[in-house]
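Let me begin by presenting the structure, written as structure tokens, before commenting on it.
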Amino acid sequence: MGNADPRPARPSGVIAAKSKAATEAAAVADICGQLPADGLAMVLIFLSPHYDPNAFMSEMTIRLADIPVYGCTTAGELSPDGWDDNSVVALGFAADDFTVFAQPIFGLSGFRVDEGRRLGLQLRQDLSQHEGRDGESVFGLVLIDGMCQREEAIMSAIYASLDNIPLVGGSAGDGLRFEQTWVFHDGKAHTDMAVLILIRTSLPFRLFKCDNFEPTSTKMVVTEADLEQRIVKQLNAEPAAEEYCRAIGIADSELDPFLFAAHPVLVRVGGSYFARSIQRVSPDGSLRFFCAIDEGMVLTAARSRNSVAAAREMLAEVRDDIGEVSIFIGFECILRRLDAEQHQFAREMSELYRENRIVGFHTYGEQYGSMHVNQTLTGVAIGKRPGAQQ
């Protein structure tokens, strides 16, 4: 009987790992112990703010010196075991199945649309200079500093430069503190930065978007706003918080993150409705939003439907389209989780995610195509190579 080949098999697809170790060094060691030692095109890290991002990335650079590592901090993790907190989730992309090109975008506070388009075009040219194999297609992932308040301009600029390459992603989180978020590139943690990653693969894939809100007949018009700060001061020429409470039928004393999660407003764009979620109410009665707003914008009060049923429908549609799915890489608004916890179906949602291998992080906003949205689950489903084993 011959000796077994001591070399490990080369990895395929996307390998998921998770750690809840107490220290950065221990978490990195735990994650790296679950990932292949080589054969990876990149590793994505979704890191709880429970850990120090600079210390964590320093340890990752030591351990994975030859493998590109990207990622960001979170407002919660979508782990292989379901929804989690105070953990780190890692995704390793096998080099046999994926080719990766990344472009950092620094200085988001001074972001210019023309510069964003130039960087997107540069990355697309880098991609075109590396000839792919027959049957390969490309999608993009975008991770953005969740406190930059420039997501709309960034997504619009880079999407316009990518010749219709589909894009999806999330805005980095900081738990529920909303103080500082971090994006990872080149072995370091950065603020005021985004990273655009183009991924070429022959595996089937499909981008997805799922929410659970429908428009009602109740409308509110933004009549005074601070556009730079995403603050609405007046709705229908009345104090914003007061008018919002009247429109959805609650008392202003009830305003908190859980109520905002249960009662977003919708904006109609191109015949479809997209959620615009409120981050917090200020002492002066103004409302700070997660997404860009504008004076004259019409906001529609939303009616919720069953989140679990909506997610199941989305999962079925994806499978009908691309067949068996190996992993759903997900970017989910933290307000969806708060709403689930408030209405006591968080365990059911978490179990659904575990059963279907939805892995990623809870965000301060989600990217889909050229749009920055709220209160949504976006992402990309990666299918299996025909004939591949589980």
Side-chain angles (χ1 to χ4, degrees), residues 75 108-109 111 113 116 142 144-157 159 169-173 178 181 194 209 211 213-248 250 252 255-257 259-304 333-336 338-339 363-376 378:
L108 300 186
S109 56
F111 178 81
V113 169
V142 186
I144 304 178
D145 181 339
M147 300 300 293
C148 74
Q149 300 188 352
R150 302 303 305 275
E151 289 100 332
E152 289 84 4
I154 295 162
M155 291 305 298
S156 176
Y159 185 77
S171 299
F178 303 105
T181 67
K209 177 175 73 70
D211 62 38
F213 293 100
E214 300 171 338
T216 68
S217 59
T218 302
K219 310 289 184 183
M220 295 166 279
V221 178
V222 178
T223 48
E224 184 180 352
D226 179 338
L227 308 188
E228 278 292 314
Q229 298 300 316
R230 297 176 172 173
I231 294 173
V232 173
K233 298 181 178 180
Q234 288 191 354
L235 291 167
N236 298 337
E238 298 290 342
E242 181 180 314
E243 184 66 6
Y244 169 78
C245 292
R246 185 201 63 77
I248 65 173
I250 55 97
D252 58 8
L255 291 179
D256 61 21
L259 186 134
F260 293 139
H263 298 280
V265 294
L266 306 177
V267 173
R268 190 171 184 178
V269 180
S272 298
Y273 283 92
F274 297 90
R276 289 288 186 268
S277 297
I278 300 166
Q279 184 184 115
R280 61 179 181 265
V281 60
S282 300
D284 64 359
S286 62
L287 298 173
R288 181 183 290 271
F289 278 68
F290 279 104
C291 272
I293 45 82
D294 201 356
E295 291 186 353
M297 179 179 283
V298 178
L299 306 178
T300 300
R303 177 191 303 113
S304 65
C333 185
I334 181 58
L335 293 181
R336 279 173 59 91
L338 293 179
D339 187 42
T363 76
Y364 281 179
E366 305 75 61
Q367 331 310 339
Y368 187 81
S370 63
M371 297 288 295
H372 173 60
V373 296
N374 292 138
Q375 209 127 345
T376 303
T378 68

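Computed from a predicted model, the values in this text were never measured in an experiment. All heavy atoms count here, side chains included; hydrogens, waters and symmetry mates do not.
- Remark: side-chain polar atoms of R280 are not paired, donor with acceptor, to backbone N or O of R288 under 3.5 angstrom.
- Judged purely by atom type and a 3.5 angstrom limit, E366 has no side-chain atom pairing as donor or acceptor with the backbone of T378.
- Atom CZ of residue R150 and atom CG of residue D145 lie 12.0 Å apart, to the nearest 0.5 angstrom.
- Once rounded to the nearest 0.5 Å, the distance linking CG of L235 with OG1 of T223 reads 6.5 Å.
- With a 4.5 Å cut-off on side-chain heavy atoms, L255 and C245 count as touching.
- Residues in residues 219-230 take part in these salt bridge (Lys or Arg N to Asp or Glu O under 4.0 Å) pairs, two or more places apart or across chains: E151-R230, E152-R230.
- The backbone N or O of D284 sits nowhere less than 3.5 Å from a side-chain atom of S282 that would complete a donor-acceptor pair.
- By the 4.5 Å heavy-atom criterion applied to side chains, S171 and Q367 are counted as neighbours.
- Counting only heavy atoms from C-beta outward, the side chains of V265 and T300 never approach each other to under 4.5 Å.
- Of the inter-residue distances, the one linking I154 atom CD1 with F111 atom CZ reads 5.5 Å to the nearest 0.5 angstrom.
- For the pair Y244/V232, no side-chain contact is recorded, criterion being any heavy-atom separation below 4.5 Å from C-beta on.
- At distances below 3.5 Å, at least one donor-acceptor pair connects side-chain atoms of Y364 with backbone N or O atoms of F178.
- A donor-acceptor pair under 3.5 Å is formed between the side chain of T376 and the backbone N or O of N374.
- Contact check for I293 versus L287: no side-chain heavy atoms found under the 4.5 Å cut-off.
- For the atom pair CD1 of I144 and OG1 of T181, the computed distance is 10.0 Å after rounding to the nearest 0.5 Å.
- With a 4.5 Å cut-off on side-chain heavy atoms, V222 and D294 do not count as touching.
- The backbone N or O of A301 lies less than 3.5 Å from a partner atom in the side chain of T216, making a donor-acceptor pair.
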